[in-house]
Amino acid sequence: MVSRVIPVDTFDLVIFGGTGDLARRKILPGLFRRFLAGQMPPDARVVGAARAELDSASYRDLIAKSIAEFGGPEAKDEEGLAAFLTRLDYVAIDANGVNGWTKLANMMHSDVVRAFYFSVAPSLFGALAERLHQHGIANAESRIVVEKPFGRDLASAHALNETLAAHFNEGQIYRIDHYLGKETVQNLMAVRFGNVLFEPLWNNHFVDHIQITVAETVGVGGRGGYYDKSGAMRDMVQNHLMQLLCLIAMEPPSQFDANAVRDEKLKVIRALQPVEAHHIVRGQYDSTATEKSYREDAENPRSFTESFVAMKVQIANWRWAGVPFYLRTGKKMRARSSEIAVVFKDLGHSIFEGDISRHRNILSIRLQPNEGIDLQVTIKEPGPGGMRLIDVPLDMTFADALGDHAGEVSDAYERLIMDVIRGNQTLFMRGDEVEAAWKWVDPIIAGWEARNDVPKLYDMGSSGPDDALMLMHRDGRRWREIKG
Ligand code: NAP
């Protein structure tokens, strides 16, 4: 297969927070890989901005080290790295201050796409947006990219939207949810809307239930202070899991266009039913002889914040009425694994002997590890001895199926940044989507707070608290195994 890189217009990309963890671990290594792939036009420039008093040479040194650490195998390409570094500049700027802005204004080229990545705390978004305009750096075509967390409830998300709207219109604002940049997530749409096979089955006549799992093996050590004010519901469910839920549940958009897709996602969020308290399980990881508990990691011995949440969610519309969506996410779980599983209903009648209900078609969409999609189908076990049935996966692990192209299963950030330059907002959250998600999540969190709900302890390396297993057992169903 021939690799195909779609060129983008030339650009100036300014990364506020250009010395921070996200910029060094994800954004710049991602840009480097796009550069090596030939996707950075000859005049395209990246400017790092932060308060530290660095010159461009020392910024390049810093980024060279980051790429060596986080850039993957491509980082060994010394010539490529040297060429990429010539595209980088740095300007010392305090978002709340006056210095540096004129210098940045002078660095901007005319007639190129201008994009500003706000890789800083959300409390700085307003100051950055205002100064970009005040100094004539942003124009009507400029784009801004903002990171999560986008608010911590409906009121703060609304205020953040208003702050940005004072200087940029919705078509200029790119709210990142990096889950949407994953190859498999986009493939979910390709599978649903590019094949005749699935869409007729994609409803309550054929689907028994859907499971969405995002399991991490890491704890909150190192960012416990931040996490303890957030918890799994705010940190993972309100954004990532809900975005996945929307893509799996939405109606086919009339076209693959940013607003058409986002309109359909918004309808899903608005159709979510309030969740009853007994349909949610919260957990906190316990200590072991050698590892700290959540409360120790968070340095808060009385913390009621959840590091795990599992819930049963219903969508009140014609397509999904009666089909439960089971969501779960947690830290310090058995394996690092993210998966969406569409579990189809039993056959109405079997012509074979034995319990046919043991055999089910399951479409599983793996986000990590080994991005790919497989469909579990029932076949005859090979060999003599009658009609014994077994389940086998029709596997489409991208690394196997796509051969040389597998290397192009690029990091979500790379794809999303290039989409910003292209002006394609399809994989970014619109302001009304984010607010609608908070509107659904807020009463759940308020309920916990009102009841002083105490999360259940669970063992590290497990699948979460036993109550989460019971959530499904009560319905005669079981979670899929969390496999790395
Ligand atoms: P970080 O490591 O703390 O970096 C913050 C960056 O902002 C630094 O470059 C810092 O440099 C700069 N900065 C701080 N105050 C500033 C000011 N007043 N004016 C200009 N620059 C300022 O944070 P991070 O982990 O990179 O996260 C950045 C944003 O991305 C946050 O909103 C975070 O929630 C979000 N995010 C991060 C990750 C991740 O994996 N790290 C994942 C998802 C979302 P100076 O101190 O020199 O100014």
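When a ligand or atom number is given, it counts from 1 through the structure's own listing order.
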Carboxylate-amine/guanidinium proximity below 4.0 Å for Arg334 and Glu481: no
Shortest protein heavy-atom distance from atom 33 (C) of ligand 1, along with the residue and atom involved: Lys148 O, 3.7 Å
Any idea which atoms of ligand 1 are less than 4.0 Å away from a heavy-atom of Ala95? 17 (C), 18 (N), 19 (N), 20 (C)
Do ligand 1 and Ala50 have nitrogen or oxygen atoms that lie under 3.5 Å from each other? no
Check this for me: Arg422, atom CZ, are more than 12 non-hydrogen atoms of other residues, nucleotides or ligands nearer than 6.0 Å? yes
Protein contact to atom 28 (C) of ligand 1 [nearest heavy atom, distance to 0.1 Å]: Ser119 O, 3.2 Å
So, Glu69 versus Ser66: side-chain donor-acceptor pair below 3.5 Å or not? no
Are Tyr174 and Ile176 packed together at the side-chain level, in the sense that at least one heavy-atom pair is separated by less than 4.5 angstrom? no
By number and element, which atoms of ligand 1 are closer than 4.0 Å to a non-hydrogen atom of Ala52? 47 (O)
So which protein heavy atom does atom 4 (O) of ligand 1 come closest to, and at what separation? Gly20 CA, 3.3 Å
Using a strict 4.0 Å cut-off to heavy atoms of Pro149, name the atoms of ligand 1 that fall inside it. 34 (O)
Mark up the atoms of ligand 1 that fall under 4.0 Å of a heavy atom belonging to Ile93, in ascending order. 19 (N), 20 (C)
Is there a side-chain contact between Asp177 and Lys148 in this structure, where contact means two heavy atoms from C-beta onward sitting under 4.5 Å apart? no
Suppose we measure from atom 6 (C) of ligand 1 to each protein heavy atom; which comes out shortest, and what is that distance? Gly17 CA, 3.5 Å
When distances are taken from atom 25 (O) of ligand 1, the protein heavy atom at minimum range is Asp21 CB, 3.5 Å
Can you confirm whether some protein heavy atom lies under 4.0 Å from atom 15 (N) of ligand 1, or whether none does? yes
Closer than 4.0 Å to some heavy atom of Arg25 - which atoms of ligand 1 meet that? 39 (C), 40 (O), 41 (N)
Here the atoms of ligand 1 under 4.0 Å from any heavy atom belonging to Asp94 are 17 (C), 18 (N), 19 (N)
I'd like to know if the side chain of Gln211 and the backbone of Arg480 have a donor-acceptor N/O pair within less than 3.5 Å. yes
Geometric N/O contact Ala49 with ligand 1, under 3.5 angstrom: no
If I apply the N/O under 3.5 Å rule, does Ala23 come out as touching ligand 1? no
Under 4.0 Å from one or more heavy atoms of Pro122, ligand 1 contributes atoms 32 (O)
Determine, considering heavy atoms only, which of Asn239, Leu128, Val120, Asp235 sits nearest to atom 32 (O) of ligand 1. Val120
Between Glu291 and Lys332, is there a side-chain N and carboxylate O pair less than 4.0 Å apart? yes
If you count every heavy atom of other residues, nucleotides or ligands that lies below 6.0 Å from Glu299 atom CD, does the total exceed 12? no
Using 4.0 Å as the upper bound for N to carboxylate O, is an ion pair formed by Lys182 and Glu371? no
For Arg51, which part has a heavy atom under 4.0 Å from ligand 1: side chain, backbone, both, or neither? both
May I ask you to check whether over 12 heavy atoms, not counting those of Asn169, lie within 6.0 Å of atom CG? yes
Leu22 N/O under 3.5 Å from ligand 1 N/O: yes
For atom 30 (O) of ligand 1, which candidate among Arg223, Glu53, His178, Glu147 provides the closest heavy atom? Glu147
Give the numbers and elements of all ligand 1 atoms closer than 4.0 Å to a heavy atom of Thr19. 8 (C), 9 (O), 11 (O)
Applying side-chain hydrogen bond (donor to acceptor under 3.5 Å, both in side chains) as the test, list every pair that has at least one member in residues 452-462; sequence neighbours left out. Arg282-Asp453, Ser307-Tyr458
If you apply the rule side chain to side chain donor-acceptor pair (under 3.5 Å), what do you find for Glu170 with Gln425, and how did you get there? CA-CA 10 Å; Glu170 186 60 38; Gln425 290 185 304; 5.2 Å; no
When you measure from the side chain of Arg175 to the backbone N and O of Met429, does any donor-acceptor pair fall under 3.5 Å? yes
